[in-house]
Amino acid sequence: MANSKMALPLAVWYDIQRHIFIYLLLMMVVISAFSVIYFTHLNRQTTSGLEILLTERDELDIEWRNLLLEQNSLAEHSTIESKARKLLQMKRPNINSEVIIQQ
């Protein structure tokens with residue numbers, strides 16, 4: 001009975017030694033399969049992150065264009081003049097109120 005308990009592990013060990021090349025190939029195939037799965041997953045995550053960044057870039061580009069349009073409209077002389085009149089109660093100076101400073 002004790003001899004049969006030791007015979008099985010020895011038989012397995014001898015089988016592994018005889019077919020070591022096949023076992024190594026099997027391990028390489030399994031490792032290769034898991035690496036393909038891992039890198040495919042990594043590629044999908046990176047692509048998803050890239051899509052998020054491209055969407056954010058497009059949104060920032062749209063916001064930048066809107067800010068440029070707003071800046072151009074606020075920089076027009078008529079807008080500045082009307083705001084100066086309404087908010088600051090400013091008016092154009094007349095000839096009598098002008099003061100010329102000479103050096």
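Heavy-atom basis, side chains included; hydrogens, waters and symmetry copies ignored.
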If you measure from [atom1] on [X] to [atom2] on [Y], what distance do you get to the nearest 0.5 Å?
X	Y	atom1	atom2	result
L42	I37	CG	CD1	13.5 Å
L60	T55	CG	OG1	11.0 Å
Q71	W64	CD	CH2	7.0 Å
D61	E56	CG	CD	12.5 Å
L50	R57	CG	CZ	9.0 Å
T46	F39	OG1	CZ	11.0 Å

### Message
Taking the side chain as everything from C-beta on, heavy atoms only, tell me whether Y23 gets closer than 4.5 Å to D15.
### Response
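Side-chain contact under 4.5 Å: yes.
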
### Message
So R65 and L69, do their side chains get closer than 4.5 Å, heavy atoms only?
### Response
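They are not in side-chain contact.
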
### Task
Answer yes or no: is there a donor N or O on one side and an acceptor on the other, between the side chain of S32 and the main chain of M28, under 3.5 Å?
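Such a contact is absent between S32 side chain and M28 backbone.
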
### Query
Taking a hydrophobic cluster as the set of Ile, Leu, Val, Met, Phe, Trp and Tyr residues connected by side-chain heavy atoms closer than 4.5 Å, whether directly or through intermediates, do W13 and L24 fall within one such cluster?
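Different clusters: W13 never reaches L24 through Ile, Leu, Val, Met, Phe, Trp or Tyr contacts under 4.5 Å.
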
### Task
Decide whether L8 and I16 are clustered together by the hydrophobic rule: side chain heavy atoms of Ile, Leu, Val, Met, Phe, Trp, Tyr closer than 4.5 Å, transitively.
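Yes: a chain of side-chain contacts under 4.5 Å links L8 to I16.
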
### Query
For the side chain to side chain contact (heavy atoms under 4.5 Å, CB included) test, which of I31, V30, V36 pairs with F34?
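Output: one option passes, namely V30.
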
### Message
Do N43 and Y38 pair up side chain to side chain, a donor and an acceptor below 3.5 Å, judged on atom types alone?
### Response
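No, Y38 and N43 have no side-chain donor paired with an acceptor closer than 3.5 Å.
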
### Task
For side-chain contact (heavy atoms from CB on, under 4.5 Å), just list the numbers for R85 and E81, CA-CA rounded to whole Å, side-chain angles, deciding distance to a tenth of an Å, and then say yes or no.
CA-CA 6 Å; R85 283 187 186 154; E81 187 175 347; 2.6 Å; yes

#### Entry: Over 12 foreign heavy atoms within 6.0 Å of CD, Q17
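Above 12, so yes.
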
